[in-house]
Amino acid sequence: MLDPKLIRNDLQFVADNLKKRGVIIDVAKLNAIEEQRKLLQVKTQELQNERNVRSKSIGAAKASGKNVEDLMKEVNDLGASLKETEEQFNKVHAELTAYLALLPNLTHESVPEGKSEEDNKQIRVWGEPIKFNFKPQDHVDLCVKKQWMDFETAVKLSKSRFVVLRGPLARLNRALIQFMLDLHTIEHGYQEINVPNIVNAASLYGTSQLPKNKEDLFALAGDEELYLIPTAEVPVTNTVRDEIVEADKLPIKYACYSACYRSEAGTYGKDTRGMIRQHQFEKVELVHIVRPEDSYAALEELTLHAETVLQKLKLPYRVMALCTADIGFAAAKTYDLEVWLPGQDRYREISSCSNTEAFQARRMNARWRNPATGKPESVHTLNGSGLAIGRTLIAVIENYQDEQGRIHIPEVLQPYMKGLKVIE
RNA sequence: GGAGAGAUGGCUGAGUGGUUGAAAGCGGCGGUCUUGAAAACCGUUGAGCUCGUAAGGGCUCCGGGGGUUCGAAUCCCUCUCUCUCCGCCA
C-alpha cells in the first residue's frame, strides 16, 4: 500500500512514478473521490459528536429526575441522518481502499527505466561460463535415464510440473538445503525460522499476493479461506504483522527453508522441459525487517548473502537490476541473481532480492518505535531467495558434469554428502 | 469430533446499559533522595483517523463482524481464537 498521505498531498508525483511501470492512474478522478471522502468523513464525525453530546445530556437529565422523552425523540431523528451519512462514507472509503490496494509500489530513483525485461541492467558478473571440451547435457538428459529424476512417476502421482527425486540426487538436494541454512545462520547472522506452509488471506494481503495475484496461488478446498504459500516470504514477513517492534530488536534477519507452491497460471508452454518451473519447489528464503534508513544498505547486504551461496558453490552468475517494467508489484528495487546453465547455454534467474520499503509494512501494520519521535512508524521489509533449491540443484548438475555423465560434488557440499565426491 | 469456560491497555486484572479510553497492581519513562545503586515518594505512560498554519478540537477502537438502544466494554446474534475435560491421532 502506498502512503495515503502522499496520495493526498502529491498525487501527481505518484502518478508520474507509476507511469514508469506502465501504470496509468486517473489523477482527476482520484482527487474527486478523495475530496468526497474528506467531506463525508467530516460530516459523519460531526454528527457522531452531536449524538454523543446529546446522549450524555440525557443521562444527566435522567439522573436528576427530569423528563427526557423530548430529548430522546430529538436524538432519534439525528440517528437516521447519521446512519445515512455513515453508509455513504463507508462506501467511498471502501472504494478508495480497494483501489489503493491494487496500486503497485513506487520504484526507487536508482531503478532503470524500461519497457520490458530486455531493459534490465547488468550490475556485475561473477565467474565465467565453463568451456567444456565436449557437448554438455542438460539436467534432464543427465539424470532421467539414471532415474534420479523422474517426471513420469510425478505425473502419475500428481500432474505435470512435478518431479520425483531419488537416491544420490535426493540427497544432494537435501545437502543444498543444509549448506545454505548453515551458511546464513552461522556466517551471515540470520535466525533460522520454520513457519506454516498454509496461510490465511490476511497474510497474503500483507505481503501483497492478494488481492491482485490470486490466480498464482493454490487455494485449499473447504469452508475456510486458506492457501498454500507461494514463498516463505509470506509467513515469515507476516510474523511482524500488527506488531510494534522495539528499536533495539532491529534489524531482524530470518532464514527460512520451506516448500513453495505456485499455480504458474499463464505460463503454458514455458519451461516445460525439466525442473526449471515446477508447481512445488523448495527454497531458502531470507527476510529482513529493518529501520527505514537502513533498508538500502540491507538490500545490498541481503543480495551479497545470496551471492555468497553461488560463490561458495563456484557457480558463475550475474546480478541484474530489474527495470521499471519487470519489477514486482511490492518492490521498490529488485536485484535478480542469474546463474549460468550450460544445458541452456544461458543465465537463468535463481534468486530475486527486493526492498519493499514500507509498502508491505503499511499493508501489514508492521511498525517499530522510533526513539527519535517516540512514535510507532512503519518498518521496511526486504526479502530474497538464498537460494531456490531446485534451480541450484540444476545449476550444480549441469556445471559439475563430466564427459561420462557423472556429476562431481562441489567441495562445500561434500561434508553434507558423507564425503562423497562424485555421483554416477 | 463431544462437553464446558473464557477473550479488557506492554503484562496481571476490575468493570454487567449513562462524563469509563477504561479502577488497581506490575512493568516503562521522568524527577526527588543517594558518592553510586536499591528502596521509598511524586509525576507520567495505548493506538489509529480527522479538522486546523498553529494553539487546540473532534471521531473510532475493550478478539473480528453484525444487531438492539437516545446511549454498549457491559444486552443479543455470529465468526475466530485460547483454556479445561472426554474421544481420536503423527
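Just so it is clear, the values below take in all heavy atoms, side chains as well, and ignore hydrogens, waters and symmetry mates. Note on naming: letters A, B, ... go to the chains in the order of the sequence lines (proteins, then strands), and numbering restarts at 1 for each one. Only a predicted model underlies this, so the values are computations on that prediction, with no experimental measurement involved.
Between A:His184 and A:His188, the two ring planes are tilted [angle within 30° to 60°].
Backbone-only engagement by A:Asn52 is indicated by non-hydrogen atom pairs under 4.0 Å involving sugar-phosphate atoms exclusively.
As rounded to the nearest Å, B:G25 and B:G43 have P atoms that lie 11 Å from one another. Distance check on atom P: B:U19 versus B:A23 gives 13 Å, rounded to whole Å. Between B:G10 and B:G48, the two P atoms lie 11 Å apart (nearest whole Å).
By the 6.0 Å and 45° rule, A:Arg363 stacks over the aromatic ring of A:Tyr205.
Taking the side chain of A:Gln41 as heavy atoms from C-beta on, and the options B:G58, B:C81, B:U50, the nearest nucleotide is B:U50. Of all nucleotides listed (B:C70, B:G58, B:A47), B:G58 comes nearest to the side chain of A:Gln45. You'll find that the side chain of A:Ile58 is closest to B:G18, out of B:U50, B:G18, B:G71.
Judged by distance alone, the side chains of A:Asn355 and A:Ser295 do bring a donor and an acceptor atom under 3.5 Å apart. Side chains of A:Thr381 and A:Gln360: a donor on one and an acceptor on the other come within 3.5 Å.
Base pairing of B:G46: its partner is B:C61, meeting the Watson-Crick or G-U wobble criterion (both donor-acceptor distances under 3.5 Å).
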